[in-house]
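Everything on this sheet refers to the single structure shown next.
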Amino acid sequence: PLSSENEDSRFDLGARHAPFAAGHSVLMSGSDAPAPALAIAGAAGIDPVPRDWLAAIIAGSDDAIISKDLEGNIRSWNRGAARVFGYTSEEVVGRPITILIPDERLGEEPKILDEIRHGRRVEQFETQRRRKDGTLVDLSLTISPIHNENGVIVGASKIARDVTERRRAQETQRLLFGEMQHRIKNLFALTAGIVTLSGRSNASTDEVVRTIHERLAALARAHDLTISDWGSETISEQAADLRTLVRAILEPYDGQGRIT
């Protein structure tokens, strides 16, 4: 579901302008409008106007920053958008934003535009979009209304941040936690089995405790034989044949005959 705020979070068109619609204008960025030479202006003692600062920020951002009109047509496209989606500005400006949306997510766009028409901002909406090569990219979108000089909403600005690596890290973390939970459950089950097996003897309490310690220590040694040294910078293989492994596990049971 889309989340939005009712606060007046407008994107005013006080920057570089180009025809948007009748009586409207749009911020140009990316390859359509090269970033202003701020360093040169500063050296000359001229303080850059806010619109030039804004244009430079948009042009240099690694995030995709896109503007569209209320019909959903792309009006500007920065370098970050070219990097994320693989299209140049010449390939997409004037085309519908839906070229970036997978078929199964096309229903999101009317909801977004409805929020924008009501002056509401869509905050950190996580979704997927389609690159030029057809692959999908995980994105976090922030979409804000664009107002003209009269305060009329004429479009939307969209900031899209690639969260693919974050999603991949979260999935890896989920798998590791699942594996850890599985191994811990196995460890508890194995420990319970050792305690049960050791308790079947008629030995004294001290002897049972010693036996349990020995059997658990034997399993720890067997574990060391089968797991590489993860503390080293390079993972080294440790050769442990089956006979050595079985001998390490059964050492505490030596002389007991059949193990049941």
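Fair warning: this is a prediction, and the values are worked out from it, not measured in the lab. Just so you know, residue 1 is the first one in the sequence shown, and it goes up from there.
Summarising the geometry of L106 relative to P110, their closest heavy-atom pair is O-CD, 3.2 Å, with the distance given to 0.1 Å. In terms of heavy atoms, W77 sits closest to Y87 at NE1-O, 2.9 Å. Nearest heavy-atom pair, V92 versus I74, reported as atom, atom and distance to 0.1 Å: O-CB, 3.7 Å. I116 and G155 get closest at one heavy-atom pair: CG2-O, 3.5 Å. When all heavy atoms of L113 and L70 are compared, the closest pair comes out as CD1-O, 3.9 Å. Minimum heavy-atom separation, V163 to S140: CG1-CB, 3.9 Å.
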- Task: List the steps and the verdict of salt bridge (Lys or Arg N to Asp or Glu O under 4.0 Å) for R168 and E165.
- Result: CA-CA 5 Å; R168 188 175 292 127; E165 290 301 321; 2.5 Å; yes
- Residues R79, R83; criterion side-chain contact (heavy atoms from CB on, under 4.5 Å); working and verdict: CA-CA 6 Å; R79 295 187 187 100; R83 180 185 61 82; over 6 Å; no
- Verify side-chain contact (heavy atoms from CB on, under 4.5 Å) between Q124 and T142, making sure each step is shown before the conclusion. CA-CA 5 Å; Q124 297 181 351; T142 298; 4.1 Å; yes
- Message: Apply side-chain hydrogen bond (donor to acceptor under 3.5 Å, both in side chains) to residues D162 and T164 and explain how you reach the verdict.
- Response: CA-CA 6 Å; D162 187 345; T164 302; 2.6 Å; yes
- Message: Evaluate T98 against E109 for side-chain hydrogen bond (donor to acceptor under 3.5 Å, both in side chains), listing each step before the verdict.
- Response: CA-CA 8 Å; T98 50; E109 183 61 13; over 6 Å; no
- Task: Using the side-chain contact (heavy atoms from CB on, under 4.5 Å) rule, take R129 and R105 through it: C-alpha gap first, then chi angles, then the decisive distance, then the call.
- Result: CA-CA 8 Å; R129 292 297 182 256; R105 293 183 179 270; 4.2 Å; yes
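Put simply, the side chain of N78 gets close to the backbone of I65: a donor and an acceptor are under 3.5 Å apart. Using modelled atom types, no side-chain atom of R75 and backbone atom of K68 make a donor-acceptor pair closer than 3.5 Å. The main-chain N or O of E71 is found under 3.5 Å from a side-chain atom of D69 such that the two form a donor-acceptor pair. Checked by atom type and distance alone, the side chain of R131 never pairs as donor or acceptor with a backbone atom of V137 at under 3.5 Å. The main-chain N or O of E126 is never found under 3.5 Å from a side-chain atom of D138 such that the two would form a donor-acceptor pair.
With 3.5 Å as the limit, one finds a donor-acceptor pair spanning the side chains of T135 and D133.
Residues V209 and L190 fall into different hydrophobic clusters, defined by Ile, Leu, Val, Met, Phe, Trp and Tyr side chains chained together at heavy-atom separations under 4.5 Å. Follow the hydrophobic side-chain contacts under 4.5 Å out from I99 and you reach L141 in the same cluster. Hydrophobic clustering (ILVMFWY, side-chain heavy atoms < 4.5 Å, transitive): L216 and V195 are in one cluster. Following chains of ILVMFWY side-chain contacts shorter than 4.5 Å, one can reach F177 starting from I184, so the two form part of one hydrophobic cluster.
Interatomic distance, CD1 of I159 versus OG of S67, reported as 11.5 Å (0.5 Å rounding). Note that NZ of K158 is 9.0 Å distant from CZ of F125, once rounded to the nearest 0.5 Å. Taken from CD1 in I112 to OG1 in T127, the straight-line distance is 7.5 Å, to the nearest 0.5 Å. Separating the OG1 atom in T191 from the CG atom in N186 is a distance of 10.5 Å, to the nearest 0.5 Å.
Looking at E207 and R210, no side-chain N of the basic residue comes within less than 4.0 Å of a carboxylate O on the acidic one, giving no salt bridge.
The environment of R130 atom CZ is dense: over 12 non-hydrogen atoms of other residues, nucleotides or ligands sit within 6.0 angstrom.
Just one of Q181, K185, E179 meets the side-chain contact (heavy atoms from CB on, under 4.5 Å) condition when paired with R183; it is E179. Screening R174, R167, Q173 against E171 for a side-chain hydrogen bond (donor to acceptor under 3.5 Å, both in side chains) leaves a single residue, R174.
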